[in-house]
Amino acid sequence: MKLGALFSGGKDSCLAIYKARRFHEIACLISLIPKSEESRIFHFPNVWVTKFQAEAMELPIIQMKTGDDSYEELADLSRALKLAMKKFGIEGIVTGAIRSTYQASKIQKVCDRLGLWCFNPLWLKDQEELLHGVLKEGFKAIISGVFAYPLGRSFLGRIIDADLVSELVNLWRKYGINIAGEGGEIETTVLDAPFFKKRIEVTEYEIQYKDYSGMFKIKSLRLIGK
């Protein structure tokens, strides 16, 4: 089946694409860009990087700006999906949703109205298993946002490796945070993946952090051949 990928640039949407492309054709990426981190549906930190990730994957991308109001976000999602149907002939979408019934149900309703299949290959997967899957499959992802106690400034910009996963597991057991970030605690940006033709190198960044909330903001980057 020909699918469009609802794409944030983070580990979950990349892992969902990786799984979906084993059985389906990924025809395009679809990226909604919210005004701020207040969005309850779409990823915010470094979402502009999706344009370069698309180039690294050698896939076309539809990028559309949207607000933080859920009604406006869903209306813009509908417009973006209609455009993907017209330009690329998609029959469904793939998402990186894991456990957020709020997010998944909203997206499902839009797909139902448009007659699109909604494929969620990570749905209800174990959060620790997902992080180990990112490592096992050879993804290079960094933490680009933290939004919960006790996540400190030192987490921002760190590559997700075995040591970091171990730290996060310990925090999950002690504080109960969702280490896959499904509650908005953590956001990530993927710099390389097995299906990328090029990798991303961050050349300039800025860290903003206050009261257990902060972002690793990529200011500039370059694509490097593999």
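Numbering starts at 1 and runs along the sequence shown. Keep in mind that what you see is a predicted model, and the values were worked out from it rather than measured.
The nearest pair of heavy atoms linking S220 to T203 is OG-OG1, 2.7 Å. Closest approach of A5 to I26, counting heavy atoms only: CB-CG2, 4.2 Å. Nearest heavy-atom pair, K2 versus A27, reported as atom, atom and distance to 0.1 Å: CG-CB, 3.4 Å. Closest non-hydrogen pair, P150 versus L171, comes out as CG-CD2, 3.7 Å. Smallest separation of non-hydrogen atoms from S31 and V47: OG-CG2, 3.7 Å. Shortest non-hydrogen contact noted between C14 and F7 is SG-CE1, 3.5 Å.
Applying the salt bridge (charged side-chain N to carboxylate O under 4.0 Å, His left out) test to E129 and every residue at least two apart in sequence or in another chain returns nothing. Residues meeting the salt bridge (charged side-chain N to carboxylate O under 4.0 Å, His left out) test with E72, sequence neighbours left out: none.
Side-chain contact between E201 and L191: absent, with no pair of heavy atoms (C-beta onward) separated by less than 4.5 Å. In this structure, the side chains of F155 and I186 stay at 4.5 Å or more apart for every pair of heavy atoms. Using a 4.5 Å heavy-atom threshold, the side chains of V165 and H132 count as touching. Two residues are said to be in side-chain contact when any heavy atoms from C-beta on lie closer than 4.5 Å; Q103 and I107 meet this criterion. Inter-residue side-chain proximity for K19 and L15 is flagged as met; some heavy-atom pair is nearer than 4.5 Å.
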Item to check | V94/H24 under side chain to side chain contact (heavy atoms under 4.5 Å, CB included): CA gap, chis, key distance, verdict | outcome: CA-CA 10 Å; V94 57; H24 304 282; over 6 Å; no
Checklist entry - Can you list the steps and then say if R199 with L223 is a side chain to side chain contact (heavy atoms under 4.5 Å, CB included)? => result CA-CA 6 Å; R199 63 181 178 86; L223 289 170; over 6 Å; no
Checklist entry - Would L164 and L131 satisfy side chain to side chain contact (heavy atoms under 4.5 Å, CB included), going step by step from the backbone distance to the final call? => result CA-CA 10 Å; L164 179 56; L131 289 179; over 6 Å; no
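L3 and I30 fall into different hydrophobic clusters, where Ile, Leu, Val, Met, Phe, Trp and Tyr side chains are chained together by heavy-atom contacts under 4.5 Å. Linking Ile, Leu, Val, Met, Phe, Trp and Tyr residues whenever their side-chain heavy atoms come within less than 4.5 Å places I143 and I179 in a single cluster. One hydrophobic cluster, built from ILVMFWY side chains closer than 4.5 Å, holds both F216 and I159. Residues L32 and M85 share a hydrophobic cluster, clusters being chains of Ile/Leu/Val/Met/Phe/Trp/Tyr side chains in contact below 4.5 Å. No continuous path of ILVMFWY side-chain contacts below 4.5 Å connects F195 to L135, so the two sit in separate hydrophobic clusters.
The backbone N or O of F147 lies less than 3.5 Å from no partner atom in the side chain of E185, so there is not a single donor-acceptor pair. Under a 3.5 Å cut-off, the side chain of K226 and the backbone N or O of F196 do form a donor-acceptor pair. A donor-acceptor contact shorter than 3.5 Å is absent between the side chain of S13 and the backbone of G96. At distances below 3.5 Å, not a single donor-acceptor pair connects side-chain atoms of S78 with backbone N or O atoms of L74.
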Sequence neighbours excluded and cut-off under 3.5 Å, please list the side-chain donor-acceptor pairs for residues 55-65, or say none.
residue	atom	partner	partner atom	Å
Q63	NE2	T50	OG1	2.8

Tabulate below the donor-acceptor pairs under 3.5 Å that side-chain atoms of residues 111-121 make, not counting sequence neighbours, or state none.
residue	atom	partner	partner atom	Å
D112	OD1	Q108	NE2	2.8
N120	OD1	T95	OG1	2.5

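Atom CD1 of residue I93 and atom CE of residue M1 lie 12.5 Å apart, to the nearest 0.5 angstrom. The line from CG of L151 to CD1 of I177 is 4.5 Å long, rounded to the nearest 0.5 Å. In this structure, T66 OG1 and Y71 OH are separated by 12.0 Å, a value rounded to the nearest 0.5 Å. Distance check, rounded to the nearest 0.5 Å: CD1 of I90 to CD of E25 gives 11.0 Å. Rounded to the nearest 0.5 angstrom, I142 CD1 and I200 CD1 are separated by 9.0 Å. For the atom pair CG (L156) and OH (Y205), the distance works out to 10.5 Å, reported to the nearest 0.5 Å.
Listed by first then second residue, pairs satisfying side-chain hydrogen bond (donor to acceptor under 3.5 Å, both in side chains) with a partner in residues 152-169 read R158-E167, not counting sequence neighbours. For residues 211-220, the set of pairs meeting the salt bridge (Lys or Arg N to Asp or Glu O under 4.0 Å) definition, not counting sequence neighbours, comprises E206-K219.
Proximity of the aromatic rings of F139 and Y18 is defined here by a centroid distance below 6.0 angstrom, and this criterion is met.
A side chain to side chain contact (heavy atoms under 4.5 Å, CB included) with Q53 is found for one member of N46, T189, L29 and no other, namely T189.
Environment of OH in Y209: crowded, with over 12 heavy atoms of neighbouring residues, nucleotides or ligands closer than 6.0 Å.
Side-chain atoms of S144 and T188 form no donor-acceptor pair, as typed in the model, at a separation below 3.5 Å.
With salt bridges taken as basic N to acidic carboxylate O contacts below 4.0 Å, none links K198 and D192.
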